[in-house]
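Everything below concerns the one structure shown next.
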Amino acid sequence: MGKVINMKKGTLLLYDIKYGLLKQIVIYFFAGLTALWGVLEFSNMAFSEYSFFDCYGYLFSGIEFYYFSADSTFIIPIMWLVLQIIPAFLVGYYARNELTGFGQQMIIKSGSRKYWWFSKVIWCLISVVIYYIVIAAIVGIFIIFKSGTFDISLWGFQDVMTLGLMNGEVITEFQIITICILLPFMTTLTMCLFQMVLTFYVQPLYAYMIAIVYCILCVYLPSHLMLGHYSMLVRSEYYSENGMPSIIGLICMFILQIFIVAIGYYRIKNMNILKY
């Protein structure tokens, strides 16, 4: 019996990877185009030597904390917004759509709604991983073309953005990886999981709208409840006096992801899928 269950779990996951990812090819294409736009914009900056983390960090630099005032300049971090909004279409309504038609039959064949749901969670994780791989690949090709370096000990991002590290401290390699790679990834994964669960409660169109509005609010509301702060490098604790704590951010998002997955499982376990 154990071998049968394992086969069903594996078949279900392969099904999601095959059909779920095929529907996302166009989205990955737009992600690549956006990254290309970013690296070309970065290449116009006067910089003696390029590094992977300089360029990659530029894509997720965002803007400093915005406070509304009479003399404040209204700035829209278009690059950051686009890179955060694209994953909303990456996740889309695939999981909800799988509650109907052949997808509904897969729930029955799997013999467990739990396996069905966790297969969707893994699919979401893989989708986000591929999304960031596409972005990193575009940056990597650009760095190779420019004869740049992949050495993370050479990181001139603070010079590119005309910013300095707090208290003159030297940023470590682990800190670079955390704010440049881990935090943007964890932020996107958390928001994608949330949107996937949200489609089980509201129409996909409303879920899209909520995701987009939330990303915009992350830019202009200086609240720690706005997860988008963690994916903006210039709002990191290493750049802003009141910046977001990186390690605490990673821990909080990991806990939040577990909570979201649990909510999703509870919803799937108790919902009447026949109405879909």
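Atom set for the values below is all heavy atoms of this structure, side chains included, hydrogens, waters and symmetry mates excluded. Throughout, residue positions are numbered sequentially from 1 according to the sequence presented.
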Residues that Tyr56 engages under ring pair (Phe, Tyr, Trp, His ring centres under 6.0 Å), provided they are two or more places apart: Phe52, Phe60

Straight-line distance of Leu81 CG to Ile85 CD1, nearest 0.5 Å: 5.0 Å

Polar side-chain atom of Gln195 near backbone of Ala88 as donor-acceptor pair, under 3.5 Å: yes

Between CD1 on residue Ile86 and OH on residue Tyr131, distance to nearest 0.5 Å: 4.5 Å

Closest approach of Ile179 to Pro184 (non-hydrogen atoms, all atoms of both residues): O-CD, 3.5 Å

Minimum heavy-atom distance between Cys192 and Val128, given as atom pair plus value: SG-CG2, 3.9 Å

Backbone of Met244 reached by a side-chain donor or acceptor of His229 within 3.5 Å: no

Test item: Ile258 and Phe254 side chains (from C-beta on) under 4.5 Å apart, heavy atoms: yes

For Trp80, all residues meeting side chain to side chain donor-acceptor pair (under 3.5 Å), sequence neighbours excluded: Ser231

Side chain to side chain donor-acceptor pair (under 3.5 Å) pairs, two or more places apart, involving residues 28-37: Gln24-Tyr28

Expected output: side-chain Trp117 to main-chain Tyr266 donor-acceptor under 3.5 Å: no

Side chain to side chain donor-acceptor pair (under 3.5 Å) partners of Tyr208, counting only residues at least two apart: none

Exam field: side chain Tyr214 to backbone Leu227, donor-acceptor pair closer than 3.5 Å: yes

Interatomic spacing from CD1 in Ile210 to CE in Met191 - rounded to 0.5 Å: 11.5 Å

Check: Tyr94 and Trp123 side chains under 4.5 Å, non-hydrogen atoms: yes

Cys215 SG to Leu83 CG distance, which is reported to the nearest 0.5 Å: 10.5 Å

Derivation of the side chain to side chain contact (heavy atoms under 4.5 Å, CB included) call for Ser236 and Ser246: CA-CA 7 Å; Ser236 164; Ser246 303; 4.1 Å; yes

Side chain to side chain donor-acceptor pair (under 3.5 Å) involving Glu41 - partner list, sequence neighbours excluded: Tyr58

For Ala95 against Met196, the heavy-atom pair lying closest together: CB-CG, 3.6 Å

Pairs meeting criterion side chain to side chain donor-acceptor pair (under 3.5 Å) with involvement of residues 180-194, two or more places apart: Tyr132-Thr188, Thr190-Gln257

Pairwise distance CZ(Phe118) to CD1(Ile122) - rounded to 0.5 angstrom: 9.0 Å

Candidates Ile143, Val139, Ile141 - the one meeting side-chain contact (heavy atoms from CB on, under 4.5 Å) with Val39: Val139

Flag, side chain of Arg235 to backbone of Val219, donor-acceptor distance under 3.5 Å: yes

Closest contact, heavy atoms only, Ile63 versus Pro77: CG2-CB, 3.8 Å

Stepwise side chain to side chain contact (heavy atoms under 4.5 Å, CB included) check, Val121 with Tyr265: CA-CA 10 Å; Val121 171; Tyr265 173 62; over 6 Å; no

Side-chain touch Ile268/Lys120, heavy atoms, less than 4.5 angstrom: no

Minimal non-hydrogen separation, Glu237 against Ile247, with atom names: OE2-N, 4.5 Å

From CG (Leu189) to CD1 (Ile260), nearest 0.5 Å: 8.5 Å

Candidate pair Phe42 and Asp54, rule side chain to side chain contact (heavy atoms under 4.5 Å, CB included), full reasoning: CA-CA 9 Å; Phe42 175 79; Asp54 289 328; 3.7 Å; yes

Which atom of Phe53 lies closest to which atom of Cys180, heavy atoms considered: CD2-SG, 3.8 Å

Side chain to side chain contact (heavy atoms under 4.5 Å, CB included) between Val197 and Arg267, intermediate numbers included: CA-CA 8 Å; Val197 172; Arg267 176 64 172 167; 5.5 Å; no

